[in-house]
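Positions are given from 1, in the same order as the sequence printed here.
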Amino acid sequence: MNVDGDYDVVIIGGGPAGCAAAIALRRHRPSLRVGIIEKQATAGRPLHIGETLPPASVGLLRQLDLWSGFQQQGFRPAHGTRCCWGSSAAQGNDYLFQALGQGWHLDRRRFDRWLFEEARERGVDDLAPYTLSSPPVYHEGAGGHWRIRLPDNDRQTIRAGFLIDASGRSAVLARQLGAKRRAHDRLVAYYAYLPATASIDTATWVEAVEAGWWYSAPLPDGRIIVALMSDSDIGRRGRFNRVRSWRARLAASDRTRRRVADTADEPAIQVAAAHSQSLDKCVGRRWLAVADAACCFDPLSSLGLFKALRNGLLAAYAVGDVFGDVLNNPRPGRRPELHPGLRKYQALIRAEFSHYQQTRSAYYGLERRFGHHPFWQRRIEPAIQPLAPASFIISRENRP
């Protein structure tokens, strides 16, 4: 299927999921030519809401042959999480007492840049920075292929035998190919970067409050990221995107406010979608969506990066099965069925999301102090069906 100058697999998105899929493909199917389309160079990406890599990620890094290189990056250790959830008493989850050991606080720009460079060193072509301006078109023929048009590119069109959507919760490719996003709640992050106290501990903290919950985690540059997680309509009414209202909520917290140093500076309150989300389909003929493009978890799960790496591996195995099978050449005049490897991949993603929903419901159910407030009422008995199209979550009223 490899045509000189074209690609077997093109991945849309060069974040952790896209890079993991690319690296795994090069290890699993080294004969495949793989390229990544990334809309923005890693050095210019915006900061992410604080990220911690859990101890369980070590096994995934080993499978990707990245563990040794990761150790050399010198990321700060994370020894656990702390929370005030279900009561005002602080509770802990110490990695020290788990068999897998410590986790890590990441500098996400540096981590993403390192992953991208690892992919390039393993033979993955860098097609960045370009955007997917128009939907790819599938062409029948010997083996079949996608044609992708890139704006402002010397090679206006590239061809690919298979496409992977790793574009995050925007799911750019999947939506262009007919998939629909569904939101399962209204969660939004209202966050700022603030100076941390000199005595701040290294743990990530979660603190439940009436309107939602606070997230705070130290950053490599000595600051702390502080996020108020609430529903979009609650945040609109409470004007959480305004400094004065956000500061008042922070001052009313117990544990979170103690981690922030006194400062006269007015922080910029940024707003980001954080709702649970899923696609009605995450696979199709010669394409699949991976990680947040397929489904997004509540940040409370702390599984974002772990899921990205794991899903990248699963996607690579599914794509490898497609390329290793004679079903690439269906009988003339008959529409090909979805490849068994893709059906299995979709079943795994759906099972993962279903398990996540059950776990999320159980964990939110542990907090009963604020049951009279809409944020918590919605989560005590969450609806089974998707809430609404995902596009409504961040309205113009909610943007800063």
Legend entry - Lys/Arg-Asp/Glu bridge criterion (N-O < 4.0 Å) met for Asp231, Arg378: yes
Legend entry - Same cluster (ILVMFWY, side-chain, under 4.5 Å), Ile12 and Leu279: no
Legend entry - Lys/Arg N to Asp/Glu carboxylate O, Arg360 vs Asp298, below 4.0 Å: yes
Legend entry - Evaluation steps, side-chain contact (heavy atoms from CB on, under 4.5 Å), between Val10 and Trp146: CA-CA 9 Å; Val10 167; Trp146 292 98; over 6 Å; no
Inset, instruction - Give the minimum heavy-atom separation between Leu64 and Arg122, together with the two atoms involved. - result: O-NH1, 3.2 Å
Inset, instruction - Could you check Trp104 against Phe111 for side-chain contact (heavy atoms from CB on, under 4.5 Å), going step by step and ending with a plain yes or no? - result: CA-CA 11 Å; Trp104 296 269; Phe111 178 75; over 6 Å; no
Inset, instruction - Go through the steps to decide whether Tyr364 and Thr359 satisfy the test side-chain contact (heavy atoms from CB on, under 4.5 Å), and finish with yes or no. - result: CA-CA 9 Å; Tyr364 271 108; Thr359 304; over 6 Å; no
Legend entry - Joint cluster assignment, Val137 & Leu163, ILVMFWY side-chain distance < 4.5 Å: no
Legend entry - Salt bridge present between Asp201 and Arg259 (N-O < 4.0 angstrom): yes
Inset, instruction - Kindly write out the residues that satisfy side chain to side chain contact (heavy atoms under 4.5 Å, CB included) with Arg147, not counting sequence neighbours, or none if the list is empty. - result: His139, His145, Thr157, Arg159
Legend entry - Exercise: do Arg149 and Ser134 side chains pair donor with acceptor under 3.5 Å: no
Inset, instruction - State the CD-CG distance between Glu38 and Asp112, to the nearest 0.5 angstrom. - result: 9.0 Å
Inset, instruction - Start with the C-alpha gap between Tyr191 and Tyr215, add the side-chain angles, then the distance that decides, and say whether ring-ring contact (aromatic ring centres under 6.0 Å, His included) holds. - result: CA-CA 9 Å; Tyr191 66 100; Tyr215 168 96; 9.7 Å; no
Inset, instruction - Can you measure from OH (Tyr356) to CD (Glu352) and round to the nearest 0.5 angstrom? - result: 11.0 Å
Inset, instruction - Return yes if a side-chain donor-acceptor contact under 3.5 Å exists between His184 and Ser278, otherwise no. - result: yes
Inset, instruction - Compare every heavy atom of Met229 with every heavy atom of Ala274, then report the nearest pair and how far apart it is. - result: CB-CE, 3.7 Å
Inset, instruction - Starting from the C-alpha separation in whole Å, work towards a yes-or-no answer on side-chain contact (heavy atoms from CB on, under 4.5 Å) for Arg258 and Thr197. - result: CA-CA 8 Å; Arg258 303 183 200 178; Thr197 58; over 6 Å; no
Legend entry - Heavy atoms of other groups near His372 NE2, more than 12 under 6.0 Å: yes
Legend entry - Ser301 and Tyr363 side chains, donor-acceptor separation under 3.5 Å: no
Legend entry - Criterion ring-ring contact (aromatic ring centres under 6.0 Å, His included) against Trp214, the qualifying member of Trp205, Trp246, Phe240: Trp246
Inset, instruction - Step through the shown structure and confirm whether more than 12 heavy atoms of other residues, nucleotides or ligands are within 6.0 Å of CZ on Arg369. - result: yes
Inset, instruction - Tell me, please, whether Phe306 has Arg310 positioned over its six-membered ring: NZ or CZ under 6.0 Å from the ring centre and within 45 degrees of its axis? - result: no
Legend entry - Salt bridge present between Asp280 and Arg182 (N-O < 4.0 angstrom): no
For a quick test of your reading: what N or O donor-acceptor pairs under 3.5 Å do the side chains of residues 15-23 make, sequence neighbours left out?
none

Inset, instruction - Mind jotting down which residue pairs meet the salt bridge (Lys or Arg N to Asp or Glu O under 4.0 Å) criterion with at least one end in residues 240-252? Sequence neighbours excluded, please. - result: none
Legend entry - Ionic contact status for Arg120 with Asp126, cut-off 4.0 Å: yes
Inset, instruction - Output yes when Glu117 and Arg113 qualify as a salt bridge under the 4.0 Å nitrogen-oxygen rule, no when they do not. - result: no
Legend entry - Row check, Phe162 ring normal vs Arg286 NZ/CZ: under 6.0 Å, within 45°: no
Legend entry - Pairing of Arg175 and Asp165 as salt bridge, 4.0 angstrom limit: no
